[in-house]
Amino acid sequence: MTLKQEFNTWKNGYTEKMIRWVPYYQELIEALYRTLPAGFQPSSILDFGCGNGNGTAFLMPHFPNAQYTLLDASNEMLQACGERFAEKKDTQYVESYFQEADFPANSFDLVIAAFSLHHLKSEEKAEVFKKIYSWLRPGGVLTSSDLHATKRDPAYPQLIIEEWKTFATNQGTPVEEWDNLMDHHAKYDTPDAYPDQLEWLQAVGFKTAKVAWNVRQWGNVLAVK
């Protein structure tokens, strides 16, 4: 099963699953807005790896007049977003893997990534950061909420997995569901630590790159062009 196919199967009940599976999920979705610079008013927003649109849904009441572009590899997730945001007629939907995505330079004021960038390998993140930088207008912002740790760390199973399993179990995640989640994590997830991501963001030209909110390795990274 490809990553696209797997996310197609997650369409039903996606939000409930994420709340059950991911520590601080709701806080990290809210951080996509709450960590933005004071007075920031984007007119064009890209949801990069939109899933079922939870990030966009949180932003829309705050930026109702912005034009939204939602990108995801899963056609089923994009269909769910189309139904969810049917009243927002100018919303655009793009079916694409991150590595293949392309937009004209200076297209967006804000790019949000909610639990999506960890699907990129380290070298792919650095390349995608270059693309996002070019898509942003001067003063534009990238905000990403995700897991920030590396599997290369020998302590990863203890630092991340054990605490993660305890959380998911306490939220009522069945053993079989947890095992399936860890199978997905092993096959498709390549998270990277804060220092590496900040270094890559600064290397492509972002004038500010920082950890804006976090609880240990679960956090929000903010970068300003």
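Positions are given from 1, in the same order as the sequence printed here. These numbers were taken from a predicted model, which means no experiment stands behind them.
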- prompt: So, Glu177 and Trp21: side-chain donor and acceptor under 3.5 Å apart, yes or no?
  reply: yes

Within-4.5 Å side-chain heavy-atom neighbours: Leu136 and Val111: yes

message: Under a 3.5 Å cutoff, is there a donor and acceptor pairing between the side chains of Thr143 and Asn220?
response: yes

- request: Using atom types as modelled and distance alone, determine if a side-chain donor or acceptor of Asp72 lies under 3.5 Å from a backbone N or O of Cys50.
  value: yes

Heavy atoms of other groups near Gln26 CD, more than 12 under 6.0 Å: no

field: Under 3.5 Å: donor-acceptor pair, side chain of Ser107, backbone of Pro104
entry: yes

task: Using the salt bridge (Lys or Arg N to Asp or Glu O under 4.0 Å) rule, collect all pairs that involve residues 193-216, keeping only residues at least two apart or in two chains.
output: Arg152-Asp196, Glu163-Arg216

message: Just checking Glu176: does its CD atom have more than 12 heavy atoms from other residues, nucleotides or ligands closer to it than 6.0 angstrom?
response: no

- request: State, to 0.1 Å, how close Leu71 and Leu78 come at their nearest heavy-atom pair, and which atoms those are.
  value: C-CD2, 4.4 Å

field: Donor-acceptor pair, side chain of Glu95 and main chain of Ser74, under 3.5 angstrom
entry: no

message: Is it the case that the side chain of Asp192 and the backbone of Gln197 share a donor-acceptor pair, with hydrogens and angles ignored and the cut-off at 3.5 Å?
response: no

- line: Separation between NE2 (His119) and CD (Gln99), nearest 0.5 Å, reads 11.0 Å

query: Got a donor-acceptor contact below 3.5 angstrom from the Thr208 side chain to the Val224 backbone?
result: no

- prompt: Is there a donor-acceptor pair closer than 3.5 Å between any side-chain N or O of Thr35 and the backbone N or O of Ala31?
  reply: yes

- request: Identify the two heavy atoms, one from Gly55 and one from Leu32, that lie closest to each other, and give their separation to 0.1 Å.
  value: CA-CD1, 4.0 Å

- request: Identify, with sequence neighbours excluded, every residue that meets side-chain contact (heavy atoms from CB on, under 4.5 Å) alongside Gln92.
  value: Gln67, Thr69

Main-chain N/O of Lys121 paired to Glu124 side chain as donor or acceptor, under 3.5 Å: yes

message: To the closest 0.5 Å, what do you measure between CG (Asp189) and NE2 (His184)?
response: 4.0 Å

query: Without hydrogens or angle criteria, can the side chains of Thr15 and Asn52 be said to hold a donor-acceptor pair below 3.5 Å?
result: yes

field: salt bridge (Lys or Arg N to Asp or Glu O under 4.0 Å) contacts in which one or both residues fall within residues 96-111, not counting sequence neighbours
entry: Asp109-Arg137

Beyond-backbone contact of Leu159 with Asp153, side-chain heavy atoms, under 4.5 angstrom: yes

task: Report yes or no: is the cationic atom of Lys88 (NZ for Lys, CZ for Arg) closer than 6.0 Å to the six-membered ring centre of Tyr68, at no more than 45° off its axis?
output: no

query: Is it the case that Arg20 and Asn170 place a side-chain donor and acceptor less than 3.5 Å from each other?
result: no

- request: Test side chain to side chain donor-acceptor pair (under 3.5 Å) on Asn54 and Tyr25 and set out the steps.
  value: CA-CA 10 Å; Asn54 286 337; Tyr25 179 73; 2.9 Å; yes

query: Parallel, tilted or perpendicular: which fits the ring planes of Phe115 and Trp218, with parallel below 30° and perpendicular above 60°?
result: tilted

query: Checking His62 side chain against Leu59 main chain: does a donor-acceptor pair fall under 3.5 Å?
result: no

message: Do Asn214 and Tyr24 pair up side chain to side chain, a donor and an acceptor below 3.5 Å, judged on atom types alone?
response: no

field: Interatomic spacing from CZ in Phe167 to CH2 in Trp178 - rounded to 0.5 Å
entry: 10.0 Å

message: Ignoring hydrogens, what is the shortest heavy-atom contact between Phe206 and Ala223? Give both atom names and the distance.
response: CD2-CB, 3.6 Å

- prompt: Counting only N and O atoms by type, is there a donor-acceptor contact under 3.5 Å from the side chain of Lys225 to the main-chain atoms of Tyr133?
  reply: yes

statement: In terms of heavy-atom contacts, Ala126 and Trp200 come closest through CB-CG, 4.3 Å

message: In terms of relative ring orientation, are Phe108 and Phe103 parallel, tilted or perpendicular, with 30° and 60° separating the classes?
response: perpendicular

task: With rounding to the nearest 0.5 Å, note down the distance linking OG1 in Thr91 to CD1 in Ile45.
output: 10.0 Å

- prompt: Should we count NZ of Lys131 as having more than 12 external heavy atoms under 6.0 Å?
  reply: yes

